[in-house]
Amino acid sequence: MKPTRSKWPKLFPKSDLQVQELLPGQIYTISDFFSVKECDSLISYIETNIHLQTTPAIPKRGEALRSNDRISLSDVNFADTLWSIGIDQIVHSTSAIRKAALPHTPAGLNSNIRIYRYTPGQKFECHYDDTVKDNETGMWSEWTLLIYLTGEEDMAGGETVFYKTEKKKSSVVVRPMKGTALLHRHGASCLLHEAKEVTKGVKYVLRSDVLVD
Ligand SMILES: O=C(O)CCC(=O)C(=O)O
Ligand SMILES: [Fe+2]
């Protein structure tokens, strides 16, 4: 993991966030978690300061095919900022998220921040997200946090699709919207999911995980 970076653009605390429940106890979205201006500043910060690496189109044995440009950074301060500007408030005010964590309590975000950029032809095939231990705090993760920095004005394709069963008969499709945050349960309760191929423009995503204490 690359060392801490500190000069992220300023992100503002949100007071009126609304949570949409797409699948109880499993998938939640929060529109306008970042403003358009925050998304654009983050993208220009990333493009100027962070070198993303293209993942090989040939996956390691047992891993899903993932083709995108990505980086994994360790940044406790940035994780704390994302938590305190609104994710904290969301997880604590959404009873299904609190209940799913029991007997533990959601307590922060993974300092492992990942940035993905998908250009046309790139995608992340079906997989499950594992529970991980945050190296900095020793806490375990329970939910994946994805924040889309681009949406339909910037791109086509790139939907995040969750399957209710392994046979993929029924799905929940999340179309990336600029500034929307998505929380989905992971580890033993993770649904099979994938990021569809981007067909036009650029999809940018920030990823962390909700940790429980
Ligand atoms: O890029 C997406 O829409 C999904 C990313 C994902 O599934 C992951 O980071 O595990
Ligand atoms: Fe995933």
Side-chain angles (χ1 to χ4, degrees), residues 9 17-23 26-48 50-60 62-73 82 87 112-130 143-186 190-210:
L17 294 171
Q18 304 291 326
V19 187
Q20 296 85 40
E21 182 174 73
L22 305 191
L23 197 63
Q26 283 287 350
I27 310 170
Y28 296 85
T29 53
I30 305 121
S31 343
D32 303 316
F33 180 71
F34 286 155
S35 66
V36 169
K37 196 159 167 242
E38 286 172 329
C39 290
D40 290 341
S41 325
L42 283 162
I43 292 171
S44 76
Y45 173 77
I46 293 163
E47 287 183 344
T48 316
I50 300 181
H51 178 69
L52 305 181
Q53 278 183 332
T54 305
T55 41
I58 301 165
K60 284 191 217 152
E63 284 193 357
L65 186 142
R66 172 174 65 193
S67 61
N68 57 18
D69 307 327
R70 74 190 297 270
I71 195 167
S72 169
L73 305 165
L82 296 177
I87 300 295
N112 179 12
I113 305 293
R114 282 133 286 175
I115 303 167
Y116 307 147
R117 178 178 57 210
Y118 301 81
T119 49
Q122 295 187 319
K123 61 182 173 181
F124 193 167
E125 288 186 347
C126 276
H127 64 280
Y128 298 95
D129 296 357
D130 285 332
W143 296 77
T144 296
L145 169 68
L146 299 172
I147 312 174
Y148 303 109
L149 303 183
T150 52
E152 55 195 9
E153 56 277 70
D154 311 288
M155 53 167 289
E159 301 88 352
T160 312
V161 181
F162 296 87
Y163 298 99
K164 294 186 193 166
T165 64
E166 292 213 338
K167 292 200 167 140
K168 300 195 198 174
K169 286 222 171 97
S170 170
S171 62
V172 175
V173 178
V174 183
R175 219 169 282 284
M177 300 268 280
K178 201 173 178 102
T180 289
L182 182 151
L183 284 166
H184 75 87
R185 191 95 189 266
H186 77 203
C190 191
L191 294 177
L192 186 64
H193 63 283
E194 65 180 319
K196 292 282 189 191
E197 185 176 317
V198 167
T199 54
K200 212 168 110 189
V202 182
K203 173 183 173 188
Y204 260 106
V205 188
L206 275 185
R207 154 110 195 243
S208 179
D209 312 284
V210 175

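Surrounding CZ of R114 are more than 12 heavy atoms belonging to other residues, nucleotides or ligands, all under 6.0 Å away. For E153, the CD atom is densely surrounded, since the number of other residues' heavy atoms within 6.0 Å is greater than 12. Atom CD of E152 sits in a sparse spot, with 12 or fewer heavy atoms from other residues, nucleotides or ligands closer than 6.0 Å.
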Open item on the list: side chain to side chain contact (heavy atoms under 4.5 Å, CB included), that's the test. Do L191 and R185 meet it? Break it down for me.
Closed with: CA-CA 8 Å; L191 294 177; R185 191 95 189 266; over 6 Å; no

TODO: Start with the C-alpha distance between K164 and V172, add both sets of side-chain angles, then the distance that settles side chain to side chain contact (heavy atoms under 4.5 Å, CB included), and finish with yes or no.
DONE: CA-CA 8 Å; K164 294 186 193 166; V172 175; 3.9 Å; yes

Open item on the list: Run the side chain to side chain contact (heavy atoms under 4.5 Å, CB included) test on K178 and D40 for me, step by step, so that the C-alpha distance in whole Å, both residues' side-chain angles and the decisive distance to 0.1 Å come before the verdict.
Closed with: CA-CA 9 Å; K178 201 173 178 102; D40 290 341; 2.8 Å; yes

- [ ] Report the C-alpha separation of Y204 and E47 in whole Å, then their side-chain angles, then the decisive distance to 0.1 Å, and conclude whether the side chain to side chain contact (heavy atoms under 4.5 Å, CB included) test is met.
- [x] CA-CA 11 Å; Y204 260 106; E47 287 183 344; 3.0 Å; yes

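Minimum heavy-atom separation, Y148 to C39: O-SG, 4.1 Å. Closest approach of Y128 to L192, counting heavy atoms only: CE2-N, 3.4 Å. Between S67 and Q122, the shortest heavy-atom contact is O-CB, 2.9 Å. The two atoms that bring S41 and P9 nearest to each other are O-CG, 3.5 Å, heavy atoms only. Nearest heavy-atom pair across L183 and W143 is C-CE3, 4.0 Å. Across all non-hydrogen atoms, the minimal contact from K203 to P176 is CE-CG, 4.2 Å.
The cationic atom of R66 (NZ for Lys, CZ for Arg) lies less than 6.0 Å from the six-membered ring centre of F124 and within 45° of the ring axis.
Looking at I50 and L73, their side chains come closer than 4.5 Å, going by heavy atoms from C-beta outward. Using a 4.5 Å heavy-atom cutoff, the side chains of T55 and N68 are in contact. For the pair T29 and M177, the minimum side-chain heavy-atom distance is 4.5 Å or more. Counting heavy atoms from C-beta on, the side chains of V205 and T160 never come closer than 4.5 Å. The side-chain heavy atoms of V202 and M155, taken from C-beta on, include no pair separated by under 4.5 Å. Contact annotation: the side chain of K123 never approaches that of K196 to less than 4.5 Å [non-hydrogen atoms, C-beta and beyond]. Annotation: side chain of H193 is not in contact with side chain of V174 (no heavy-atom distance under 4.5 Å). Residues I147 and F34 have side chains in contact (heavy-atom distance under 4.5 Å, counting atoms from C-beta outward).
With rounding to the nearest 0.5 Å, the separation of CD in Q18 from OH in Y28 is 15.0 Å. Taking CZ of F33 as the start and CG of L82 as the end, the distance is 6.0 Å to the nearest 0.5 Å. For the atom pair D32 CG and T180 OG1, the distance stands at 6.5 Å (nearest 0.5 Å). Atoms OH and CD1, on Y116 and I71 in that order, are 12.5 Å from each other to the nearest 0.5 Å. One distance of note links CD of Q20 with CD1 of I30; it measures 8.0 Å at 0.5 Å rounding. Here the CG-OG1 distance, from D69 to T54, works out to 3.5 Å after rounding to the nearest 0.5 Å.
Using a distance-only test at 3.5 Å, with no hydrogens or angles considered, no donor-acceptor pair links the side chain of S208 to the main chain of I113. Between the R117 side chain and the I115 main chain, no donor and acceptor come within less than 3.5 Å of each other.
A perpendicular orientation is assigned to the rings of H184 and H186, their planes being inclined by more than 60° (bins at 30° and 60°).
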